[in-house]
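Just below is one structure, and these are the notes that go with it.
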Amino acid sequence: MIKEYKTIKEVASPLMLVQNVEGVTYDELAEIELPNGEVRRGKVLEVDGDTAVLQLYESAAGINLAESKVRFLGHPLELAVSEDMLGRVFNGVGLPIDGGPDILAEAYLDVNGLPMNPAARAYPAEFIQTGVSTIDGLNTLVRGQKLPIFSCSGLPHAALAAQIARQAKVLGTESSFAVVFAAIGITFEESEYFVQEFRRTGAIDRTVLFTNLANDPAVERIATPRMALTAAEYLAFEKDMHVLVILTDITNYAEALREISAAKKEVPGRRGYPGYLYTDLATMYERAGRRLGKAGSITMIPILTMPEDDKTHPIPDLTGYITEGQIILSRELHRKGIVPPVDVLPSLSRLKDKGIGAGKTREDHSGTMNQLFAAYARGKDAKELMTILGEAALSDTDKLYAKFAEEFEEKYVNQGNDTNRSIEETLDLGWELLSILPTAELKRVKPEYIEKYMPKK
């Protein structure tokens, strides 16, 4: 029998104080029933003796302190899971908002989950093809990896996220592939863009979409990525699927965490964020990976907009510590009209060597990747020199490198949001660009691969 309490002492949105409670535990879910029968939800933030502090998932408007009832449900926030979730759209707390029926649950899972035990982890090793050359060819995504995208305000990271969600697949396996997409604190316009984009391309059929809008309560923003990861864990480890989780925008999540921390009057840390921001992000990110003995896997791409384009800001800084690399979008490339504006040189995938080579992508992948990096870096230097000293100051070889850098940005990076390149197309395009340079300059590629793959002029 669930007890009902009519002992609400105070409401200071998003917090509520309930007195004379018994047996209530931290993180427990509560229902608040208004006099008109409307039910709202909250979770227990703190218990002190017989007083509980609740955090509301919805607005506090209209709650009558004397007449409203509070019920504590004895369990934390849970998500109803089943394979029927694929192709559906949910709000930030897991309720369907696409007009379809409720999910017939196979299980109810605690959304807080647990980070994966390091001893139970299998090492990421298989290549995931995103169809985006700058990722596949140069900063390869590997199954089970956490590879964030660092963007800046106003850059088209939403279009890149939708493109990856639409195109991504694991090569050479028969297992099914699913995408769990969580949009955190975004505008209604962005939310509609994702839903319509997935429907237009048919990608919705293999996607579970969670959307938390900017006008939804901050506490719901905290729950949204955990909802997505709970759905991903179920599909990956119960249904043996390869799941790609895309979370956008982690900056909105961290802002909500800061807002709630301030409401609880906690001592602020760096830039006003709570001192446990690192731990909190790690409890989410570390739920991705591969488990020993399980066929499925969770690969994660968190997307965050760096405040003031600052890589040293706490959110990208801490994310970089926890994850295995980063893809960085460049405002300069965006101004040039290059789509997607991926800044290749500072981007990094720490696991790229594990997912490439013969049997995974192609034997020449490692060499061409290193050669393209080196040639592009030298080409950019040559272009800067040309700007300062004029073209006459460059040697003939440097002029070729400058030309290479131009062509590389125009053809390799600038592929648009609708082009889905196979890894073979990406590698062949790399060779086509390397043919601009004299063969003597290609010191990072084996001569037999030059003979085999270089286009004959």
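Values below: all heavy atoms of this structure, side chains included; hydrogens, waters and symmetry mates excluded.
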Review point. Does the side chain of R166 come under 3.5 Å of the side chain of T201 through a donor N or O and an acceptor N or O?
Key: no

Review point. Is the NZ or CZ atom of R221 both under 6.0 Å from the centre of the six-membered ring of Y253 and within 45° of that ring's axis?
Key: no

Check your understanding: Are any of the side-chain nitrogens in D310 or R271 under 4.0 Å away from the carboxylate oxygens of its partner?
Key -> yes

Point to revise | E220 (side chain) donor-acceptor with P217 (main chain) under 3.5 angstrom | key: no

Review point. Is the closest basic N to carboxylate O distance between E197 and R200 below 4.0 Å?
Key: yes

Review point. So, are K169 and D136 salt-bridged, with charged N and O less than 4.0 Å apart?
Key: no

Check your understanding: Are M369 and D353 close enough that some pair of their side-chain heavy atoms sits under 4.5 Å apart?
Key -> yes

Check your understanding: Between T397 and E441, do the side chains contain an N or O donor and an N or O acceptor separated by less than 3.5 Å?
Key -> no

Revision key, fill the gap. CG of L29 to CD of E78, rounded to nearest 0.5 Å, is 8.0 Å

**Study point:** Note: R331-D309 ion pair, threshold 4.0 Å (strictly below)
**Key:** yes

Exercise for review: For the pair E324 and K354, find out whether any cationic side-chain nitrogen is under 4.0 Å from an anionic carboxylate oxygen.
Suggested key: no

Review point. Going from NE2 on H313 to CZ on F150, what distance comes out if it is rounded to the nearest 0.5 angstrom?
Key: 12.0 Å

Exercise for review: Scan side-chain atoms only and decide if D27 and N112 contain a donor-acceptor pair under the 3.5 Å cut-off.
Suggested key: yes

Study note, to complete from the structure: Value for CG (N91) from CG (N212), rounded to nearest 0.5 Å, stands at 8.5 Å

Review point. Ignoring hydrogens and geometry, is there a side-chain-to-backbone donor-acceptor pair from D98 to V89 under 3.5 Å?
Key: yes

Review point. Has the side chain of E238 got a donor or acceptor atom that lies under 3.5 Å from a matching backbone atom of E233?
Key: no

Review point. Is there side-chain contact between L56 and V219, with at least one heavy-atom pair below 4.5 Å?
Key: no

Review point. Which of these passes ring-ring contact (aromatic ring centres under 6.0 Å, His included) with F181: F198, F210, Y193?
Key: F198

Review point. Could you state the interatomic distance from OH (Y453) to OG1 (T368), rounded to the nearest 0.5 Å?
Key: 9.5 Å

Practice item. Run the salt-bridge test on E406 and K336 with the 4.0 Å N-O cut-off and return the result as yes or no. Key: no

Exercise for review: Give a yes or no on whether the backbone of T323 and the side-chain of R350 come within a donor-acceptor separation of less than 3.5 Å.
Suggested key: yes

Check your understanding: So which of R362, K411, R421, K452 actually passes salt bridge (Lys or Arg N to Asp or Glu O under 4.0 Å) with D428?
Key -> R362

**Study point:** side-chain contact (heavy atoms from CB on, under 4.5 Å), paired with T305, selected from I250, L329, T251, N252
**Key:** T251

Review point. Does one side chain, of R287 or T230, offer a donor that lies under 3.5 Å from an acceptor on the other?
Key: yes

